[in-house]
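Atom set for the values below is all heavy atoms of this structure, side chains included, hydrogens, waters and symmetry mates excluded. Whatever order the structure lists them in is the order used to number ligands and atoms, beginning at 1. All figures in this text were calculated on a predicted structure; none of them were measured in a lab.
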Amino acid sequence: MNFIQTSSDDGIATLTIDRPDALNAMNPTILKELTTNIQSAIDNPDVGVIVLTGSGDKAFIAGADIKEMSQMTPKEAYSFGHLGKNLADTIEHSPKPVIAAVNGFALGGGCEISLACHLRFASENAKFAQPEVKLGIIPGWGGTQRLPRIVGKGIATELIIGGHMIDAQEAHRIGLVNRVFSSDELLGETNAFAQLIIKNGPKAVAESLRCINESSERQLSDGLSHELNSFAQLFSTDETKEGLTAFVEKRPAEFR
Ligand code: COA
């Protein structure tokens with residue numbers, strides 16, 4: 001099944017995650033499909049900028065697929081986490097800018113995928129959160145490492161251990177998103193900025209991205225491996241089982 005819609009115009013490849021019945025939540029199939037599509041856009045000489053968005057007007061990505069995670073063993077969680085890490089790494093290390101056009105919920109893994117993008121433009125109805133602790137898990141696709149690097153350690157800690165949602169204006173205030181537009185304007189304005197980038201030297205843009213990444217790379221890779229192990233290990237605990245199952249059963253989780 002095809003969960004990613006692709007279109008290409010004037011050097012801009014737009015990839016749209018298309019699973020509206022689950023608010024574009026990411027399962028292993030979608031993670032693999034999106035990684036393949038991002039890589040194809042990177043390899044395509046006609047593409048200068050990649051835009052990533054979600055279908056519908058409600059969600060960018062409502063996170064990793066909680067229903068599937070609720071059945072995972074630690075080993076399966078590691079493989080799942082690895083697919084997400086691989087996607088986020090592919091985006092972050094793309095020599096072509098990847099812009100997240102966040103058109104609604106960007107929660108958990110959805111927020112983390114946006115963090116791996118080089119720029120985040122949001123619609124006024126966008127909502128961001130790292131709500132994993134509410135499920136008895138932790139971010140597994142880079143959230144504990146990339147969020148502090150973008151918004152600072154204090155605010156990242158607040159968001160990750162609070163698990164609460166923030167709106168687009170607050171995300172803008174803390175530097176999580178670059179720009180906020182009305183829903184109607186989001187894709188048009190994102191494309192306009194992409195056109196601005198396309199006019200710049202592609203090697204200079206690619207080198208800029210590489211240098212910016214390298215400013216934090218060394219410690220980041222250690223941190224990401226540590227995070228992934230920790231993410232997977234939690235799947236052997238009752239707390240994780242309870243948190244994930246409670247969501248699936250549509251009831252509050254009882255951790256204590
Ligand atoms: N994984 C799997 N399914 C998800 C999902 C996720 N992360 N997020 C939403 N869905 C599904 C819902 O289960 C529901 O499916 P159903 O109709 O088969 O029950 C469908 O998407 C619509 O979601 P619903 O909860 O009915 O919409 P809402 O507008 O009432 O609430 C959210 C929207 C985003 C607040 C709510 O869906 C939510 O909290 N999702 C989980 C977010 C999360 O914790 N993400 C991080 C995971 S690590």
Below 4.0 angstrom, counting only protein heavy atoms, does anything approach [atom]?
atom                    : result
atom 45 (N) of ligand 1 : yes
atom 6 (C) of ligand 1  : yes
atom 21 (O) of ligand 1 : yes
atom 25 (O) of ligand 1 : no
atom 31 (O) of ligand 1 : no

message: So is G109 touching ligand 1 or not, going by heavy atoms under 4.0 Å?
response: no

query: What do you reckon, does D21 put a non-hydrogen atom under 4.0 Å from ligand 1?
result: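 Heavy atoms of D21 do come under 4.0 Å of ligand 1.
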
Among all protein heavy atoms, pick out the one at the shortest distance from [atom]; state its residue, atom name and that distance to 0.1 Å.
atom                    : result
atom 13 (O) of ligand 1 : K67 NZ, 3.4 Å
atom 34 (C) of ligand 1 : L107 CD1, 3.5 Å
atom 19 (O) of ligand 1 : K250 NZ, 2.9 Å
atom 39 (O) of ligand 1 : F247 CE1, 4.2 Å
atom 33 (C) of ligand 1 : L23 CD1, 3.6 Å

Polar-atom distance check: [X] versus ligand 1, any N or O pair below 3.5 Å?
X    : result
K58  : yes
F105 : no
I66  : yes

- prompt: Heavy atom under 4.0 Å from ligand 1: found in A62's side chain, backbone, both, or neither?
  reply: both

- prompt: If you measure from each non-hydrogen atom of E68 to ligand 1, which part falls under 4.0 Å: side chain, backbone, both or neither?
  reply: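 Within the 4.0 Å criterion, E68 makes no contact with ligand 1.
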
- prompt: If you measure from the Lys or Arg side-chain nitrogens to the Asp or Glu carboxylate oxygens, is any gap between R251 and E242 under 4.0 Å?
  reply: yes

message: For a quick test of reading the model, state the closest non-hydrogen atom pair linking C111 to F128 and the distance between them.
response: SG-CD2, 4.2 Å

query: Can you list the steps and then say if F105 with F60 is a ring pair (Phe, Tyr, Trp, His ring centres under 6.0 Å)?
result: CA-CA 5 Å; F105 291 115; F60 172 66; over 10 Å; no

